[in-house]
Structure formats: C-alpha cells, structure tokens
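Computation of the quantities below employed the complete heavy-atom set of this structure, encompassing side-chain atoms and omitting hydrogens, waters and symmetry-equivalent molecules.
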Amino acid sequence: MAWKYLNDFSWDLDPDLYGDRLYNPFTRELYSPLEELLGIGGTADEDIDSAVLFGTLRGNVVGLRYYTGVVNNNEMVALQREPNNRYDMNAIKVNNVNGEQVGHIKKELAASLAHIMDNKLAQIEGVVPYGAHNAFTMPVLLSFWGKAENKEAVLRNLSLDGFKLAPPGKSLGFGYSGTSGKAGTSYSAPVRAAVQMTTEQLKTEFDKLFEDLKEDDKTREMEAAEAVLTPLLPHQKQSLAWMVLRENNKELPPFWEEREDFFYNTITNFAEKKRPENVLGGILADDMGLGKTLTTLAVILTNFHSGKPLPLEKKSNQLKEEYSLQQKHNLKGPSVLETEEENDSVLPQSSCPKRDKEKKFTNTVSSDSEPEEKITLINTKAPKTQPGSRKRRKGASSDVVEDSAFASALGESATYSKKAKRKGTASALGKPTTYSKAKKKGGTAVQSKKSESEENLRATLIICPLSVLSNWTDQLEQHIDPAVHLNTYVYYGSERTKDPAVLSRQDIVLTTYNVLANDYSAKSNSPLHNFKWLRVVLDEGHTIRNPNALQTKAVLDLDAQRRWILTGTPIQNSLKDLWSLLSFLKLKPFTDREWWRRTIQRPVTMGDQGGLKRLQSLIKSITLRRTKTSKVKGKPVLTLPERKVFIQHITLTDEENAIYHSVKNESKAAISRYFSEGTVLTHYADVLGALLRLRQVCCHPHLCASLPPSTFEEGNGTPEQLRTKLIEKMKLVLSSGSDEECAICLDSLNLPVITHCAHVYCKPCICEVIQREKPNAKCPLCRKEVELQQLVECPLEDSDDTEKPAQEWISSSKINALMHALLDLRKQNPAIKSIVVSQFTKFLSLIEVPLRKSGFIFTRLDGTMRQKKRTEAIQQFQSSEAGSPTVMLLSLKAGGVGLNLTAASQVFLMDPAWNPAAEDQCFDRCHRLGQKQDVTITKFIVEHSVEENMLKIQDKKRELAAGAFGAKKPSSSETKINEIKTLLDL
DNA sequence: ACCGCCGGGTGCC
DNA sequence: ACCGCCGGGTGCC
C-alpha cells in the first residue's frame, strides 16, 4: 500500500486520494487533502521553491579560448556537470544564457562543487561580474541555494577543500538587484533581500496582473472576416484586435533592447547579434463562457498573412459538382499533372495550400494581391445571426454525402455535413472528417519543416481535451459560413492520416492532447510533429502545466509560426505552472527553466519587488484576460441570469440513521486506534476511505456495500490474492466518483492500469515511462520500481450489475427529496429541465428507477461513456423539442469545462464535493453564455453528518486559502489532526 | 597570459 | 648547485 512509502518519499501521493481535491479560490488551485494534511505535494522540483541562500563564493571560469560562448559584465551563467569529461570526472561546464559553453569551473573548485551538485545538496548559480574582454579566464560569483537542512553539509564539504562561503546577508541573493535590471550588481552592493511584501500585498499585486485593460492595444476593436457569420460581442472584437496585433507584431519580446548592433536582454544581461524572435501569439485567459473558441476561429479566418483574411472559396453548385467529379476521378488512382491543372482552374489553391513549390501555388497564396481577390468571392454576405443562436446549414446536399462515403471507403477524410450528422453518422469522431472535402492529389505535396517558406504556411492546429473536441466542431458549424471552403480535419481515431500532405491541405486540424502524445511517443511517424504549422492553439492550455508530462513534451515539440494558449485559469497551480506555457510560447530566455526560476519564479515567491515587476510586465505583454464581471465601455462583458444556491437539509430516516451510525462508529473505532497509536497521518488513506463510506451512506445505504473490506489491513497474500486486491483497489478508485486523473498526463484515466505499488495510471502513459526509463523504471508517484509485466489491467465491464446482482431497489431520504422537488417542478412547468449531479455513478443508477417510475424522460452523462454517446446525450438534453429529456443525470466531473447544458435551469447537487471548484465548474455548465433563465441550484446536505462537516472544513479552507499566495502552505500537523477530528466528530 | 607553472640552462662580484 | 635565478615554452576540463 502506498502509505508504506510515505516515509521514504516525501512527495508520494496515493492516486486513490488524488482526485479528492480542495480548492484555493485565489490561485484557483486544486490540491488534495492528502497533500495538504501531510504537508507534502508536488515534485522534487519544488525543492527549488523552498530554497534558501547558503552564501556566495568567488571562483574562476577557465578555458574561455576553447569555446564560443561569450558573456557580458554582470551576465548570468549556468553551471552544468560534465561527469563524462575525459580529463576530469568532476568537470563543471559554464554556459551562457543561450546555452553556449563559456568555459569550465577551475578544477580544484570543480572537484569540491561536483560532489555538492551530484548529491543535489545545493543549486549553484553563477553571475560573471566582469565577463567581457576576458581571453583566458574570468571570475564568477557563485550563489549556493538549497534546503536549509543541507546548509551545514554544503559548508562542511566546501571547507574540507579550503573554500568558505561569504554569508548570504552580504548578498542580495537574487543574482541581480531588483529594479536596476543589472544581473549581479548585487554582489558588489550587498544589501539584505529587497523590501519584502506581505502576503496581502502580493495577493493584491497579483490580482492586478490580469485585470489591466486600460492599454490601447487591448481595448481596440476589430471586425471579423466575412466568413464569420456570428457577430462578435464587443469584448470579442477586442480580443480579435489584440490577437491579430500579437500575431503581426514586429516588436522585440519583453526584456529585450536594441543597443548599438546588439540585442540585450535586460534581465540576464545576455546579448547577441541575432534579433530575438518575438512571440507571435500569447495567452487568451478569458473566463469560461466569454467565447474564446469563437474569437479564435475569428482570428484564424481574419488574420491569414499580413493582416489579410484567410482566402476561402465561396462554394457554388456548379463548383461543387465539378469538385465532386474531380473527387471521384482522383480517387481512382494517383493523380497526374494534367488533372491538377484542371483542378486549379476549377478550384484554386484554397483547398490545397501547400501542394508543392510550383510557381502558380506560391503566387496564389503568398502574393499580396491574390488573397484580396479571393475575398471578393465570399462577399455575398449571409444574414447574421445573434450570438448563441444556431445557424442552419444550407449547403449540404446529397452528392456531398455520397462523396463522403466514397472517400471514407478509401480511408480518406470524409465530408462533413449537417444532414449526415443529424442521422448520427458523420458526428462520429472516430474517423476523420472535413467540412468540405480537400482535393485528393497524388503525393506530390509532402511538406517539410525546413524547406517551406513562412508565407506558405496555412494550417492551424488546435489541440484540446477530448471532452471539448465536439465543442469545436459544433462552433465551426455554428459560426462559419457554410458556403465557404474551410478545410477542417479531425485528427482523431484509428483511421487518422499519416500523410502530411493531407494535413497540408487543411485550414484547421483538430486533435486532442492524448492523440498528440500518443503519436509523439510512438516515435515512428507523427505527421503533426513533422510539420510547420501556421498556428498552434492549445485549448484548456493549462493541461500542459506539468513539465514532465508526455503531453507537455509532445506539445512543446510542435513547430509553429504563431502560438496561442486558451485557458480560463491562467495560474492554476501557482507560479511554476506558468513555465510550461511560456516555454510553449518560446519566450527567450524563459524556455529554459533555470532562467525562469532564477529571474522570476524564485524572486516572486520570495517576495522580491523586482521579480514581481518583471512578472507583471511579462504577463501584461502576452496575456489578455477578462472575467465575467469585466467591463467594456462601462458595460459588463456578459449579463448572465441570476444564479441562486440553496442548501436543503435532509433528515435521515431512523433506519438510515442506524446504518450511518454503525458505519461511523466502526470508522471512529479504527481511527481512534490510529490516534492512540499516533499513526493517523500514516493511515490517512484509511481515513479518507472511511469518509468516503460515510458520504456514500448519506446518499443511499446501498452505495458503500461493495467496498472491499480489506482496506484496513496490510500484508501480502499469494500473487492471485494480490492481483484481486489491486483490481479491487483500482475499481474503488474508478468508482469512487472522483473521476480520477492519471498523474502522468493529468487527464482522465484512459485504459487504467494499477501498479504493484497501488498507483493507477493510463496504460499508455505508464508504459511510456517504463519504456523510457528502463531498465530502472520507477513509479512516478512513489519511486518504487515498476515493470511492464506487473501492471494489472482493469477487467472490462463486469460492472455494477454482476457485482451486486439481486439487491432490491429501495429509496433513500435524498432520493425522496429529489423526487419531491422534480415532481413539484413538473407540476409548475413540464418543460423545465434539471440536472441531477452526483459523484457516485451508482447513485445516479439508483435514481434512474424512480425517474422511470414517475415517467420522466431523462438522459445520462458520466465518465464511462464513449464520446459518441456523450454527444448524443447532450444533444438530446439541449433539444427544445417536445418529448426531449427533462432530466440529465450527470456525474460531477464528467464532460469537462466545455460542456454546455444551458437547457437546464435547475441543478440538484446530490452530494457535496471535496472540491468546491468542481462544484462551481459543474454549475457553470448551465449558468453560462446562452442561459436565458435564472438558475437555481439545490444542494442536498444530510444534517448532523459528515457532509455538514465537509462544508465547514471547506469554508475554513476557503478562508485560509484566500490569504495564501502561490506556493502551498501546508497546515501544521495540529491543524490536520483537528480537521480529521472535526470530520468524524471525534 | 601584463599571469603561474614547468623544466632546462646556468652559476662570484 | 640535493640550491636560486634566468628566461623560453606554454596554457581548461
């Protein structure tokens, strides 16, 4: 069991508990109670956050003449161990900010430092006070940072070799002096660390980071291209203008200045002749529901190259027929040149942007005049619709559908049509679809990363979580003129293309983080990675917050001219999560984590004003953020109907109460034993297990019946027993209603497997790790050794029914309360739609019975459903037709942020979530853009139960968290113990 | 390197 | 002189 390793590895997390997360309303950070209660969390990287300055030491860099890396006065340098150096295994390289080697640390000092670095006793950072004009050696000022408990060891090690650190009080400690921007000036002007701000000040400052909309470039508005049928709201016109400005921007990136014939970085004092590239893109961090998707589509259509709209052909019937003929013709065999000539006369380049380097193509796409001509073609404007209203698609005709069948039979992309979608065929995401068919042509247009010129780039890659993939296709259909040839390819499913030529023909390619990561790890060929994109857009961009996750690496390895991150939660998990995002944006020098840490992350977490200033100006220059309460010209961005939350207290029946108390007493007994043994914290998994049971009994006595009784004991049995136990444990994880996530990809579990150390991952994720680290692969959560053969898979679908066969259905107090409310509503107005939310899918199943009995038409959405069924469920529920479902049974975390359930005006939360953020997100699914009615939320809470206690602790945590900033502040063990006592009334 | 270090040449004042 | 001193060769790790 996982807690066995807690003593050895301070950052062990039991995934069993990982999903039960609490919410920090300020940082919008989700954190698990386990991390909180044990005062742990994060990865080894966080050691750097809590580092203190041990002191400084002057040393020498030698061998300058052998290397090309140059440095300026006061420039920061990085130290890098070089254990395989053939002359000295203690060798330490010194690199400049660009990663070019400058020299080596002189060998005597290196011999002493190597030990410290290899054992991670300290992080050693260098600043070269006098770096320019040194031919052979140069001095370097070294700062030693590390955990306080390692300070003595470091000092001892150094003094054994005759080195002595100057005490930290003598130095500023950031490697540069706050606002002057001169790296390293501090060493000669020693001061105590810059004026430290209080937590409160920091919080205020941080709030300001995203709220400043006064600048001109963020308030200017811009109209979208004609092909965008939905009129943009004022704030969306602002985002469009700002994004177009960012994409066409020719300025130097933040913190760079042009000086004489060099470009200077004012933070690191690095300089180079080459002009640093600016980010053509940034972060659109608008709150959920402000229309990031629509705005992004508008950018794609509006800013092709140099501010001109994407050249798109207007479809006409004649064109379509010829096109369709062409299609069939080409599918018969490899195309020949004559055919292409024909093609071009019928359908110019729009559907085939990157065919080859022939002149005709270059002319049509990259010349300045040509795109304008195209625009005139689409000038016949369709009547615009109001935002949120659905645009009926007129263009789809049967020949297109036929064509799609033809195409998909050959494994090619299929034509998307609304008609087909209504029949439920083309909506299947399992196969590639395009909105309008790209011309098939014989493999002449293989695009290569290097040889294409930037003007020829056309395709935008959009990467999103699977749960919002359909949102993109829906919105494309909803907002884009159907009469326009917008080539769209959904890169998903087993039939996805391997042919870059197919991608090169697209305007938009949609895929998911998981598909991207899978392709990336399957190294063989990932067409997405062997391609230069015009744009890459990350939807729910905080998905890549974990720098070690495969998904993040796969994303960072994409090649694109312009890069966008869409996210509603800019700093979801404290400052360090920002790094992956900046790294994606390729902002020099922050793509290297060391420079990010040294210049921003650590100074800010230590309360340095200069660091915060830098962070502010950085964020300001690349981020646009509006909240639901932001205003444009004095008016709120959005006016949503009211949202009211009621708590309805439930009194259990005597019978239920008896069950509750017996479970409670049993748990109490076990946990009291841990108290007396003083092992509460090491048995925390059991504590949460007990809480889970109590929460379940509050809902329905049948819910906790299938819990494995073995949770309270340890020990090993036969391999078969172990296997059974692991499967049980995994099932508990999967069915606990917490919508477990994989600690590697941080996404929902996909093909869950459990390790012998009882941690659950996606099979592809953990296999990747084992492959990469073999032969010594370790569990990413507990560092225990893992092997491929030891992974236990979850047996398929013997599910609830077989587990508990003939248990007769009974009601419960909560079910009665719900049914009472639903029947009441129906009496008032039979058209009212309600969402019934629980963390326990089994509970939802139990609720189905009385719903059916009372004649409710309902639908259901939970994490176990395939994408196709999900889409169906949502569409049925959202339909306003008579006979459409009036109740949706929803598992708390199903669907993700993109889920739109605005048809509902009532939400019933059957059980409180650990994590108020999850509740809020859930409410936002119906209380969002498009909601016309007031929304009423009813939370059912059993009085005098663990549920009430959960609310209390949540409130307390909210308060506590509101005062915290950035880094996690683990509560004292006294607090932890008290919390457990509160929860269990001990 | 306008240094340090090495090793050969050399040796009263 | 088993030294000192001189001056040329030489130079990261």
Q: How about Asn278(A) and Glu251(A): does a side-chain donor come under 3.5 Å of a side-chain acceptor?
A: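 Per modelled atom types, Asn278(A) and Glu251(A) side chains form no pair under 3.5 Å.
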Q: Taking atom C1' in both dC12(C) and dC3(B), what distance in whole Å separates the two?
A: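 Approximately 15 Å lies between the C1' atom of dC12(C) and that of dC3(B).
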Q: Considering only nitrogen or oxygen atoms on both sides, find all protein atoms under 3.5 Å from nucleotides 8-12 of chain C and state each distance.
A:
unit_1: dC12(C); atom_1: OP1; unit_2: Tyr66(A); atom_2: OH; d: 3.4
unit_1: dC12(C); atom_1: OP2; unit_2: Tyr66(A); atom_2: OH; d: 2.2
unit_1: dC12(C); atom_1: O2; unit_2: His104(A); atom_2: ND1; d: 2.8
unit_1: dC12(C); atom_1: N3; unit_2: Tyr67(A); atom_2: OH; d: 2.9

Q: Figure out the CG/C1' separation between Leu79(A) and dC13(C), and round it to whole Å.
A: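 For the pair Leu79(A) CG and dC13(C) C1', the rounded distance is 13 Å.
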Q: Would you check if Leu585(A) and Ile565(A) make a side-chain contact, meaning some heavy-atom pair closer than 4.5 Å?
A: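 They are in side-chain contact.
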Q: Taking atom C1' in both dC2(B) and dC13(C), compute the distance separating them and give it to the nearest angstrom.
A: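 Comparing C1' positions in dC2(B) and dC13(C) gives a spacing of 25 Å.
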Q: Provide the distance between the two P atoms, one in dG11(B) and one in dC6(B), to the nearest whole Å.
A: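 About 24 Å, rounded to a whole number of Å.
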Q: Can you find an N or O donor on one side and an acceptor on the other, under 3.5 Å apart, linking the side chain of Asn85(A) with the base of dC13(C)?
A: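 Side chain to base: pair present.
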Q: Any chance you could lay out the side chain to side chain donor-acceptor pair (under 3.5 Å) test for Gln551(A) and Asn514(A), step after step, and finish with the verdict?
A: CA-CA 7 Å; Gln551(A) 289 184 351; Asn514(A) 279 331; 2.8 Å; yes
Q: Would you say the side chains of His756(A) and Glu785(A) form a donor-acceptor pair under 3.5 Å?
A: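 Short answer, no.
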Q: Given that both distances must come in under 3.5 Å, which nucleotide forms a Watson-Crick or G-U wobble pair with dC3(B)?
A: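 Its partner is dG11(C) (Watson-Crick or G-U wobble, both distances under 3.5 Å).
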Q: Which whole number of Å gives the distance between the C1' atom of dC5(C) and that of dT10(B)?
A: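 It works out to 9 Å between them.
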Q: Got Asp559(A) and Trp533(A) here, is their nearest side-chain heavy-atom distance under 4.5 Å?
A: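 Not in contact.
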Q: Between atom CG in Asn60(A) and atom P in dG4(B), what is the gap in whole Å?
A: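 From Asn60(A) CG to dG4(B) P: 11 Å.
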Q: Is it the case that Asn74(A) and Asn269(A) place a side-chain donor and acceptor less than 3.5 Å from each other?
A: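 Judged by distance alone, the side chains do not pair up.
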